[in-house]
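What follows is a short report on a single structure.
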Amino acid sequence: FPEDLQKLTSNLRTIDLSNNKIELLPPLIGKFSFLKSLVLNNNKLTALPEELCKLKKLETLHLNGNHLRQLPAAFGQLSALKTLNLSGNQLRTVPTQLCGLRHLDVVDLSKNQIQNVPDTVEELQAIELNLNQNQISQISVQISHCPRLKVLRLEENCLELSMLPQSILSDSQISLLAVEGNLFEIKKLRELEGYDKYMERFTATKKKFA
């Protein structure tokens, strides 16, 4: 991480240091108090410093293609965060710290090693959650209680049809459910109770954007 950037802590709004070999993000990252966008794709980060969580104006954080296994405990303090991309890391669970972020719109956790979606997910405020290409075999029924969740991507996981909560179809806000590449045929999904209700939301959303 270039030490010289310290001179610009009160000016910088955007930092993009993608495609380097950065292994450590120094604590001084917490001093960039006006930073709105931080992009560190394709580096060698294994952890993030707690100081990162001081960036109260940060709206966009991209960390694709690193070696992260978890997020800092105080990650929920990034109160302005809208877009979070953690695709291609080594996360094994959906980080509970995300549930405190009130302005979060898009969360990309694809291409990790996540095996289940826990009950705490019901507090997630995101509009879109991407969990493609993980190892998910279990999903908490609480996901249907997510207040703003419209798009749920679960392609190429290890889901049996019986493990997909029917309330996602009958009883949620979700209007786009992507589940191709799991352990069931898509046509079987259409036979589930609540599929008609899901299709009503799906069609209504398509009309809105047409």
Side-chain angles (χ1 to χ4, degrees), residues 58-64 70-71 75-89 91-182 184 186 188-190 192-210:
L58 194 68
E59 295 178 4
T60 305
L61 180 58
H62 288 284
L63 292 157
N64 302 5
Q70 59 188 39
L71 298 179
F75 198 84
Q77 292 174 14
L78 291 171
S79 51
L81 202 61
K82 292 179 181 175
T83 303
L84 175 62
N85 199 326
L86 286 161
S87 179
N89 278 281
L91 299 172
R92 292 181 177 274
T93 57
V94 176
T96 52
Q97 297 96 313
L98 303 185
C99 297
L101 297 169
R102 295 281 162 243
H103 299 288
L104 204 54
D105 291 336
V106 179
V107 182
D108 188 346
L109 298 172
S110 61
K111 299 179 185 170
N112 276 280
Q113 297 161 18
I114 298 168
Q115 294 174 3
N116 68 345
V117 179
D119 289 348
T120 47
V121 75
E122 72 174 323
E123 293 172 40
L124 189 69
Q125 300 289 323
I127 296 168
E128 176 170 344
L129 176 59
N130 186 341
L131 292 164
N132 289 348
Q133 295 180 7
N134 277 284
Q135 299 156 18
I136 296 168
S137 58
Q138 281 187 310
I139 298 179
S140 167
V141 67
Q142 303 296 339
I143 198 165
S144 51
H145 297 160
C146 287
R148 297 169 71 217
L149 192 62
K150 300 277 197 295
V151 179
L152 178 58
R153 302 185 188 279
L154 288 161
E155 294 178 314
E156 295 179 48
N157 276 285
C158 308
L159 281 168
E160 305 267 358
L161 189 58
S162 59
M163 286 293 159
L164 192 70
Q166 288 197 3
S167 56
I168 289 178
L169 298 173
S170 60
D171 226 6
S172 76
Q173 304 279 329
I174 294 166
S175 56
L176 176 61
L177 176 64
V179 287
E180 286 78 6
N182 279 281
F184 58 87
I186 289 296
K188 295 280 185 199
L189 183 69
R190 296 176 195 138
L192 288 183
E193 197 179 326
Y195 187 78
D196 296 349
K197 280 188 172 177
Y198 161 69
M199 281 312 291
E200 281 173 21
R201 296 193 302 273
F202 177 80
T203 310
T205 304
K206 270 181 83 167
K207 279 183 184 156
K208 200 188 289 181
F209 292 104

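Along the sequence shown, residues are numbered consecutively beginning with 1. Here the structure is a predicted model, which means the values were calculated and not measured. Values reported hereafter were calculated over all heavy atoms of this structure, with side chains retained and with hydrogens, waters and symmetry mates removed.
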Minimum-distance pair of heavy atoms, taken over all atoms of L177 and L169: CD2-CD2, 4.0 Å
Heavy-atom check, side chain of E180 versus side chain of I186, under 4.5 Å: yes
Any side-chain heavy-atom pair of L129 and V117 under 4.5 Å: no
Shortest non-hydrogen contact from L159 toward M163: CD2-CB, 4.1 Å
Contact check, side chains of N132 and E156, non-hydrogen atoms, under 4.5 Å: no
Heavy-atom pair of closest approach, residues S167 and S144: OG-OG, 2.9 Å
Heavy-atom pair with the smallest gap, counting every atom of N112 and L86: ND2-O, 3.0 Å
Atom pair CG (L98) and CD (E123), whose distance is rounded to the nearest 0.5 Å: 11.5 Å
Atom pair CG/CG of L161 and N182 - distance to nearest 0.5 Å: 9.5 Å
R102 (side chain) donor-acceptor with S79 (main chain) under 3.5 angstrom: no
Closest contact, heavy atoms only, L91 versus L109: CD1-CD2, 3.8 Å
Distance, nearest 0.5 Å, that separates CG of L124 from CD of Q142: 13.0 Å
Sequence neighbours excluded, every pair satisfying salt bridge (charged side-chain N to carboxylate O under 4.0 Å, His left out) that has a member inside residues 159-179: none
Main-chain N/O of A126 paired to D105 side chain as donor or acceptor, under 3.5 Å: no
From CZ (R153) to CD (Q133), nearest 0.5 Å: 12.5 Å
Y198/I168 under side chain to side chain contact (heavy atoms under 4.5 Å, CB included): CA gap, chis, key distance, verdict: CA-CA 8 Å; Y198 161 69; I168 289 178; over 6 Å; no
Pair N64, S87: side-chain N/O donor-acceptor within cut-off below 3.5 Å: no
Closest non-hydrogen atom pair between N134 and Q113, with its separation: OD1-N, 3.3 Å
Atom pair CD/CG of E122 and L149 - distance to nearest 0.5 Å: 12.5 Å
Heavy atoms from other residues, nucleotides or ligands near CD of Q70 exceed 12 (cutoff 6.0 Å): no
Test item: I139 and L154 side chains (from C-beta on) under 4.5 Å apart, heavy atoms: yes
Distance (rounded to the nearest 0.5 Å) between K197 NZ and S172 OG: 10.5 Å
Any T205 side-chain heavy atom under 4.5 Å of L176 side chain: no
Enclosure of K150 NZ (heavy-atom neighbours >12, cutoff 6.0 Å): yes
Any side-chain heavy-atom pair of V94 and P118 under 4.5 Å: yes
